[in-house]
Amino acid sequence: MAILLPDGLATPALVIDMDVLESNIARMAEASRVQGFALRPHDKAHKCAQIADLQLQAGAPGLSVDTIGEAEAFAQVGVDDLFIAYPVWLDADKAHRLRRLADDAALKAGVESVEGVQRLGNAVRGSDRPVEVLVEVDSGSRRTGVQPHTAGQVAKAAADAGLSVAGVFTFPGHGYGQDART
């Protein structure tokens, strides 16, 4: 299917077929409702406040992002439930920014090390809202995350650091680019 672009459109440019976008959002929202799970879309595909708003209106409880900067940007436009789905490692500046963010939004963060959760616990201690963590488990991509047998150690360290442990998550990135027919 060829997409006809308006004359004079400077490319590269984002061009969205709103009918397709809205249909996809509705279909995913319905599938999650029917199957009994909460769908938390990732901003990776769009990085767009208006699309995030459509996803939230369709029932998403919040948004997943990769960085503190992305979380800040979405919090500024009213997204108040955010999951930073890339393990955080805080220096002084990021710790200050994350603490400010934790005061303004329900915040979940990915973690993958004892040292990382200690830094996070120190950064958000005393914030207005508790910060939840999810321990990232490496599912084979060897990109980020802990080996499954060490996830409990990181979770215990998070609890010891005063963080609420919400569970585990994984990123199966090694599945990208695979032929679904094989």
Side-chain angles (χ1 to χ4, degrees), residues 14 16 18 20-113 116-137 144-145 151 154-155 157-171 173:
L14 176 64
I16 298 172
M18 289 303 293
V20 171
L21 174 66
E22 290 170 352
S23 173
N24 287 344
I25 290 171
R27 191 174 74 243
M28 291 300 296
E30 180 61 16
S32 69
R33 275 191 291 278
V34 167
Q35 295 179 37
F37 65 89
L39 176 66
R40 179 180 292 273
H42 202 297
D43 81 317
K44 183 179 296 195
H46 58 74
K47 298 188 191 287
C48 177
Q50 294 84 352
I51 294 174
D53 188 53
L54 292 172
Q55 293 170 318
L56 296 170
Q57 287 179 36
L63 200 64
S64 295
V65 299
D66 276 334
T67 68
I68 294 170
E70 290 173 1
E72 290 167 329
F74 281 104
Q76 287 176 357
V77 296
V79 179
D80 64 358
D81 189 334
L82 296 156
F83 170 45
I84 301 173
Y86 191 84
V88 294
W89 183 261
L90 302 176
D91 59 19
D93 176 62
K94 287 180 183 174
H96 175 73
R97 290 167 52 205
L98 193 73
R99 168 59 190 270
R100 205 170 51 237
L101 187 61
D103 285 339
D104 295 335
L107 186 61
K108 296 168 188 63
V111 295
E112 66 174 356
S113 70
V117 296
Q118 290 169 342
R119 286 173 176 253
L120 179 59
N122 288 335
V124 299
R125 187 168 290 115
S127 61
D128 291 342
R129 298 183 189 192
V131 173
E132 293 184 325
V133 297
L134 288 98
V135 178
E136 184 173 10
V137 175
T144 55
V154 176
D160 291 347
L163 301 165
S164 175
V165 180
V168 298
F169 77 106
T170 190
F171 175 75

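Atoms considered below: every heavy atom in the structure, side chains included; atoms not considered: hydrogens, waters and symmetry mates. Not measured: the values here are computed from a predicted model.
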For the side chain of Thr170 and the backbone of Val137, is there at least one donor-acceptor N/O pair under 3.5 Å apart? yes
Quick check for you: to the nearest 0.5 Å, what is the distance between [X] atom [atom1] and [Y] atom [atom2]?
X      : Y      : atom1 : atom2 : value
Leu54  : Ile25  : CG    : CD1   : 4.5 Å
Arg99  : Ser127 : CZ    : OG    : 5.0 Å
Glu22  : Ile51  : CD    : CD1   : 10.5 Å
Leu107 : Phe83  : CG    : CZ    : 10.0 Å
Leu14  : Cys48  : CG    : SG    : 7.0 Å
Leu101 : His96  : CG    : NE2   : 11.5 Å

Looking only at non-hydrogen atoms, find the nearest pair between [X] and [Y] and report the distance.
X      : Y      : answer
Val165 : Ala155 : CG2-O, 3.4 Å
Leu63  : Arg40  : N-NH1, 3.4 Å
Pro41  : Gly62  : CD-O, 3.5 Å
Arg129 : Asp80  : NH1-O, 3.8 Å
Asp128 : Asp103 : N-OD1, 2.7 Å

Check the side chains of Arg119 and Asn122 for a donor-acceptor pair under 3.5 angstrom, ignoring hydrogens and angles. no
Side chain to side chain contact (heavy atoms under 4.5 Å, CB included) assessment of Asp81 paired with Lys108: CA-CA 8 Å; Asp81 189 334; Lys108 296 168 188 63; 3.2 Å; yes
Side chain to side chain contact (heavy atoms under 4.5 Å, CB included) assessment of Leu163 paired with Val124: CA-CA 9 Å; Leu163 301 165; Val124 299; 3.7 Å; yes
Heavy atoms, side chains only, cut-off 4.5 Å: are Asn24 and Met28 in contact? no
State, yes or no, whether a side-chain contact exists between Ser113 and Val154 at a heavy-atom distance under 4.5 Å. no
Please tabulate, for the side chains in residues 66-76, all donor-acceptor contacts under 3.5 angstrom to protein atoms that are two or more places apart in sequence or on a different chain.
| unit_1 | atom_1 | unit_2 | atom_2 | d |
| --- | --- | --- | --- | --- |
| Asp66 | OD1 | His42 | NE2 | 3.2 |
| Thr67 | OG1 | Gly69 | N | 3.4 |
| Thr67 | OG1 | Glu70 | N | 2.9 |
| Glu70 | OE1 | Asp66 | N | 2.8 |
| Glu70 | OE2 | Lys47 | NZ | 2.4 |
| Glu72 | OE1 | Arg97 | NE | 3.3 |
| Glu72 | OE1 | Arg97 | NH2 | 2.8 |
| Glu72 | OE2 | Arg97 | NE | 2.9 |

Which salt bridge (charged side-chain N to carboxylate O under 4.0 Å, His left out) pairs, counting each pair once, include a residue from residues 50-60, with sequence neighbours left out? none
Verdict with supporting geometry, Thr144 and Glu112, side-chain hydrogen bond (donor to acceptor under 3.5 Å, both in side chains): CA-CA 8 Å; Thr144 55; Glu112 66 174 356; 4.7 Å; no
For Val65 and Ile84: C-alpha separation, side-chain torsions, deciding distance, then whether side chain to side chain contact (heavy atoms under 4.5 Å, CB included) applies. CA-CA 5 Å; Val65 299; Ile84 301 173; 4.0 Å; yes
Test: Arg27 and Glu30 ion pair at under 4.0 Å: no
Using the rule given for side chain to side chain contact (heavy atoms under 4.5 Å, CB included), can you reason through Leu98 versus Val131, listing the C-alpha separation, both sets of side-chain angles and the distance that settles it, and then say yes or no? CA-CA 10 Å; Leu98 193 73; Val131 173; 5.7 Å; no
